[in-house]
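See below for the structure under consideration.
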Amino acid sequence: MHASTTQDGAAGRLVTIDAVMQQVAEHKGCGTQGGSGKASCGSAAGQGDLPTEIWEKVKNHPCYSEEAHHHYARMHVAVAPACNIQCNYCNRKYDCANESRPGVVSERLTPEQAARKVLAVASTIPQMTVLGIAGPGDPLANPAKTFKTFELISQTAPDIKLCLSTNGLALPDHVDTIARYNVDHVTITINMVDPEVGAKIYPWVYWNHKRYTGVEAARLLTERQLRGLEMLTERGILCKVNSVMIPGVNDRHLVEVNRAVKSRGAFLHNIMPLISAPEHGTVFGLTGQRGPTAQELKALQDDCEGEMNMMRHCRQCRADAVGLLGEDRSAEFTTEKIMEMEVDYDLEGRQAYQARVEEERVAKVAAKQEELATLAGAQSDITLLVAVATKGSGLINEHFGHAKEFQVYELSTAGAKFVGHRRVDLYCQGGFGDEDSLQTVIRAINDCHAVFVAKIGGCPKADLLGAGIEPVDQYAHEFIEKSAIAWFKGYLGKVAAGELVHTPRGDAAIRQGALIVAA
Ligand code: CLF
Ligand code: SF4
């Protein structure tokens, strides 16, 4: 076994990870808690009109800032197995579907194993800035394990933001503890504010040693969720609300949910599509309840967008996910592997790396603004979608055949706006293209006029063109938004010159239950 080491950021001193864990066990901390304990990234790119204290909380949180999600990673530790409610879209064999899509059972960790894993990941992935606890059950139905994990991590890795995701039933009882542990980001899954709607989603909740069912259960849940949200926002804790869009059950009702959470101070609303297939064994899967199409989801997100930000980049990740949103490196960090890993928790190195990321962000924003300025005065009411193959950093840097998802941008004379992503089956199967996968890719981006890639082969190019989607590879390894705006300018020019007739596209399918695993 390798000797696991970590580095005291202030002194650059190497210590063994076991010594760190021992110090933690003795409540001495690891000597890295000086100053604010937060990484300083030294840039205001993207702050807009956000107050500085909020910007500090969101600037490198990949879920709370769409812009940050191109650059920063998060990790989850699966320390919370139990749950106190039943959702009709959940099968307890899998992770909590409020923050995870069904498909894989996470490896359960003790708080001590979780803290060790965080150090291992932080040493390997310097842009990993957030630790979330999101299951596999409900973190607040497992408060001792959840808060012990937060305590250990705040002592050993003080620059990492702490994040929690809950169904909200137990939330009012834990708000003070959440504040005490400096958990600055809390997600509550709120699917309804009307108990009649709730009774169609939740067969039961378990509270105060009693099982409640039907409308009574849903009423108890909604009251406690909204009270918990108010208590958190009163304390200045940033809250995100997740809602699962279930067509015919709560889809139109989510506009009312949006109003209710906005009025109680939620910072962000994340409306996610129901993932439901018979093989998941959930009530909704077995009764054939469908999820929304891509355009149904977008229309609801657009309806809810007002003063409140809508999150559109959620990947419904696993309770043990590791990496950028959209990638999953959890297989690199199994308990067995982290016990064997060299750990070098270098706080200064992490801060230096993140400072470089901020420089990239500034360059990206400047390039976008420069390109946008060239569109000033353009008159057109054309709005269209384009898909982009990217590995991150805001660049068009993925081959068509290697893409496991495409990011989708809406283009108009106002610029390029991120509006979602589409998971797909891998087209390239080690040297040959899979025709079936290509059809699923086309279905997933069927509402897009073009797809931007770093490289693409002749066969898929021809099939995409046949489906009316233009493959665009001349902006390989360039910034996404700048390139998309430049292409859109050309598109408008062709329409104005009569070389092209703008035709709206149809709808697209949301891939059910696709699993992204480390390559
Ligand atoms: Fe995790 Fe959730 Fe924190 Fe993010 S995930 S606990 S807020 S650190 Fe993010 Fe994943 Fe969507 Fe969750 S993309 S499922 S919203
Ligand atoms: Fe499943 Fe999460 Fe709902 Fe609990 S809160 S039943 S774990 S989806």
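Order of listing sets the numbers, starting from 1, for every ligand and every atom in it. Not measured: the values here are computed from a predicted model.
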Practice task
Please confirm whether K240 comes under 4.0 Å of ligand 1, counting heavy atoms of the residue only.
Solution key: yes
Handout entry: Atom indices of ligand 2 within 4.0 angstrom of N167 heavy atoms, with elements
Key = 5 (S)
Practice task
Confirm or rule out an N/O/S atom of C63, from backbone or side chain, lying less than 2.8 Å from atom 4 (Fe) of ligand 1.
Solution key: yes
Practice task
Evaluate the ring planes of Y64 and H185, with Trp represented by its six-membered ring, and classify them as parallel (under 30°), tilted (30 to 60°) or perpendicular (over 60°).
Solution key: perpendicular
Practice task
Heavy-atom distances under 4.0 Å are what count here, so tell me which part of H76 touches ligand 1: side chain, backbone, both or neither.
Solution key: side chain
Practice task
Could you see which bit of Q316 sits under 4.0 Å from ligand 1, with heavy atoms only: side chain, backbone, both or neither?
Solution key: backbone
Completion exercise
For residues 214-225, the side chain to side chain donor-acceptor pair (under 3.5 Å) pairs (sequence neighbours left out) are D173-R224
Fill in the blank from the handout: Numbered in order shown, the ligand 2 atoms found under 4.0 Å of a heavy atom of C87 are 3 (Fe), 5 (S), 6 (S), 8 (S)
Practice task
Indicate the ring-plane relationship of Y212 and W207, choosing parallel, tilted or perpendicular according to the 30° and 60° boundaries.
Solution key: tilted
Practice task
Nearest 0.5 Å please: distance from the CG atom of N60 over to the CD atom of Q354.
Solution key: 6.0 Å
Exercise for the section: Check each heavy atom of C83 against ligand 2 and say whether those closer than 4.0 Å belong to the side chain, the backbone, both or neither. Expected result: side chain
Problem - Under 4.0 Å to a heavy atom of C317 - the qualifying atoms of ligand 1, by number - result: 5 (S), 10 (Fe), 13 (S), 14 (S)
Handout entry: Pairing of R443 and D425 as salt bridge, 4.0 angstrom limit
Key = no
Exercise for the section: Report yes or no: does a heavy atom of M311 sit under 4.0 Å from some atom of ligand 1? Expected result: yes
Handout entry: side-chain contact (heavy atoms from CB on, under 4.5 Å) partners of C239, counting only residues at least two apart
Key = L229, L232, T233
Problem - Atom indices of ligand 1, in the order listed, that fall short of 4.0 Å to a heavy atom of C163 - result: 3 (Fe), 6 (S), 7 (S), 8 (S)
Problem - Ring-ring centroid check H313 H421, cutoff 6.0 Å - result: no
Completion exercise
Atoms of ligand 2 under 4.0 Å from any heavy atom of C90, numbered from 1 in the order shown, are 1 (Fe), 6 (S), 7 (S), 8 (S)
Fill in the blank from the handout: Counting from 1 in the order shown, the ligand 1 atoms closer than 4.0 Å to a non-hydrogen atom of V130 are 8 (S)
Exercise for the section: Below 4.0 angstrom from a heavy atom of C314, which ligand 1 atoms are there? Numbered from 1 as shown, please. Expected result: 11 (Fe), 13 (S), 14 (S), 15 (S)
Practice task
Please work out whether the ring planes of H69 and F418 are parallel, tilted or perpendicular, with thresholds of 30° and 60°.
Solution key: perpendicular
